[in-house]
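The first residue in the sequence is number 1, and the count goes up from there. Quick note: numbers below take in every heavy atom, side chains included, and nothing from hydrogens, waters or symmetry partners.
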Amino acid sequence: MIKRRTIRKLLAPTAGFRQATFLVLAGLALFMVGAALSFGALIEGPIHSITRFFHDLMSRVVPQDSVDRAAHWVALPFLLFGMMLVYFGARRAYRRLQETVNPGMKTGIVAEFRRRQELAQGPRIVALGGGTGLSTLLRGLKQYSSNITAIVTVTDDGGSSGRLIKDKGMIPPGDIRNCLVALADAEKSLSDLFQHRFKDDSGTLSGHAIGNLLIAALVDQCHGDFELAISKASEVLNIRGRVVPSTLSHVGLRALLEGGVEISGETAIASAGGKIRRVYLDPPDVDANKVALAAIQDADLIVVGPGSVFTSIIPNLLVPGVKETITASPALKVYVCNVMTQPGESEGFSASEHVTAILNSVETRLFDFIMINDGIPSEDLLERYRGSGQHLVDADSDRIRAVGFRVVQGNFMNQTDVVRHDPMRVAARLIALLEDT
């Protein structure tokens with residue numbers, strides 16, 4: 001039996017085009033009937049005169065009984081030359097249209113139309129997380145679908161976001177900004193502008209990212225409507241998909257460390273240095289974003305991670321209704337485990353310990369698959385990371401399988417001057433996993 005996703009993919013280039021084609025053909029048929037009825041008598045005379053002229057001309061050089069056959073051969077170059085003129089004229093008009101509408105388009109209009117149609121008919125993907133992990137994943141997923149919903153944690157209270165929370169009383173925009181840029185289909189210069197951060201010598205602007213300030217300005221223009229502001233920012237960046245907060249309520253994060261010490265605030269938790277036992281939302285009874293819940297219900301694929309396990313992953317899952325909706329969703333559910341450990345948060349954690357931390361916090365088996373990296377960075381990079389207290393996450397897949405999870409294992413790493421997931425490798429494996437199930 002052919003899967004619904006397969007049929008949707010095959011018909012993607014014609015989506016929204018079949019009705020238009022039918023209307024064009026029906027219109028041409030009606031026009032030809034009308035032309036025959038209205039102009040038949042009018043053009044019959046000139047056509048007959050042209051035909052008689054060429055017959056008289058050919059009768060001087062070919063026998064009379066061969067004129068009709070010769071006329072077909074004479075007509076052939078006229079037909080071919082006419083078709084060539086039409087082709088070159090249409091081609092020149094097409095190029096002129098492309099240069100006028102989109103001078104920077106690297107591919108033709110037809111190729112661009114086909115690409116966008118295929119993305120529009122791609123799988124419905126929900127990605128949950130925050131920080132650089134989620135934005136890295138989105139850069140790969142947007143190559144396969146524009147039906148992406150990034151659900152972002154909103155407990156960040158540091159840096160530019162923290163100052164905007166204090167000054168404007170708004171939801172922290174930092175992680176949302178990163179996801180918008182990751183999904184952007186706009187010019188690179190505009191994306192770079194969104195990510196530009198003022199240096200420390202910039203007075204009151206020091207440390208602020210321009211994208212955060214633009215989102216704050218849009219919130220003002222939208223009379224405090226944060227969702228509408230994000231929608232307008234999405235239009236500016238022409239993103240593939242949408243970015244939504246897991247909750248529209250102001251919420252913080254509390255953590256219980258080993259020894260019973262309790263700490264409030266995401267920034268304080270990340271820098272506390274103690275081993276984290278549990279994290280909690282503050283307040284715990286916030287309302288989940290209905291848009292986020294609806295996206296989870298309709299998803300074909302739900303991806304959690306990669307990202308800081310206690311401050312990016314778990315906070316989304318603690319929002320009331322989120323984990324229940326994920327559990328009830330028929331979508332394929334995958335957790336993408338981190339490549340490197342994080343000091344003060346997941347120090348010394350193996351892959352199975354990342355999974356255990358999530359299970360202990362949400363008390364629900366959310367995932368069908370656990371994706372873990374078994375690639376190994378260069379020794380120089382590993383040594384550099386050891387200096388900052390970070391280590392390669394041990395891919396202890398046997399322990400993960402022992403508790404009943406299926407494992408997707410491979411080299412999903414990208415190493416340049418840092419070690420992180422390769423967005424294209426991860427996305428390609430996720431889409432292949434979806435198509436195989």
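- Side-chain contact check for L433 versus R429: some heavy-atom pair is nearer than 4.5 Å.
- Listed by chain and number, the residues in a side-chain contact (heavy atoms from CB on, under 4.5 Å) with R242 are T149, V291, A295 (sequence neighbours excluded).
- Annotation: side-chain contact (heavy atoms from CB on, under 4.5 Å) contacts of S352 (sequence neighbours excluded): S350, D396, R399, I400.
- With sequence neighbours excluded, the residues satisfying ring pair (Phe, Tyr, Trp, His ring centres under 6.0 Å) with Y335 are F367.
- Not less than 6.0 angstrom separates the ring centroid of F412 from the ring centroid of H421.
- Contacts of D398 classified as salt bridge (Lys or Arg N to Asp or Glu O under 4.0 Å), with partners at least two apart in sequence or in another chain: R401.
- At least one side-chain heavy atom of D368 sits less than 4.5 Å from a side-chain heavy atom of R406.
- Listed for the T364 side chain is a donor-acceptor partner under 3.5 Å among the backbone atoms of V362.
- Judged as a side-chain contact (heavy atoms from CB on, under 4.5 Å), and not counting sequence neighbours, the contacts of L318 are V279, L281, I314.
- Residues satisfying the salt bridge (Lys or Arg N to Asp or Glu O under 4.0 Å) criterion with R240, sequence neighbours excluded, are D185.
- The side-chain contact (heavy atoms from CB on, under 4.5 Å) check on E379 picks up L382, E383, R386, with sequence neighbours excluded.
- The backbone N or O of G158 sits less than 3.5 Å from a side-chain atom of D156, completing a donor-acceptor pair.
- More than 12 heavy-atom neighbours from other residues, nucleotides or ligands sit within 6.0 angstrom of CG on L193.
- Residues satisfying the side-chain hydrogen bond (donor to acceptor under 3.5 Å, both in side chains) criterion with R425, sequence neighbours excluded, are N411.
- No side-chain heavy atom of L164 sits less than 4.5 Å from a side-chain heavy atom of I215.
- Q195 and N178 share a side-chain donor-acceptor pair at under 3.5 Å.
- Taking 4.5 Å as the limit, every side-chain heavy atom of V408 sits out of range of all side-chain heavy atoms of V334.
- If you check the side chains of T155 and E266, you find a donor sitting under 3.5 Å from an acceptor.
- Residues passing the side-chain hydrogen bond (donor to acceptor under 3.5 Å, both in side chains) test with R420: none are found, sequence neighbours excluded.
- A donor-acceptor pair is defined here as one N or O able to donate and one able to accept, closer than 3.5 Å; no such pair exists between the side chain of D175 and the backbone of G130.
- More than 12 heavy atoms of other residues, nucleotides or ligands lie within 6.0 Å of NE2 in H196, so this atom counts as buried by the packing criterion.
- If you check the side chains of T267 and D157, you find a donor sitting under 3.5 Å from an acceptor.
- Nearest heavy-atom pair, P315 versus F310, reported as atom, atom and distance to 0.1 Å: CD-O, 3.3 Å.
- With a 4.5 Å cut-off on side-chain heavy atoms, L317 and I326 count as touching.
- Shown here for A182 and S135, the closest heavy-atom pair between the two residues is CB-O, 3.3 Å.
- Under the side-chain hydrogen bond (donor to acceptor under 3.5 Å, both in side chains) criterion, the residue pairs touching residues 314-333 are S246-N316, with sequence neighbours excluded.
- With sequence neighbours excluded, no residue forms a side-chain hydrogen bond (donor to acceptor under 3.5 Å, both in side chains) with D394.
- Under the rule for a side-chain hydrogen bond (donor to acceptor under 3.5 Å, both in side chains), Q415 has no partner lying at least two apart in sequence or in another chain.
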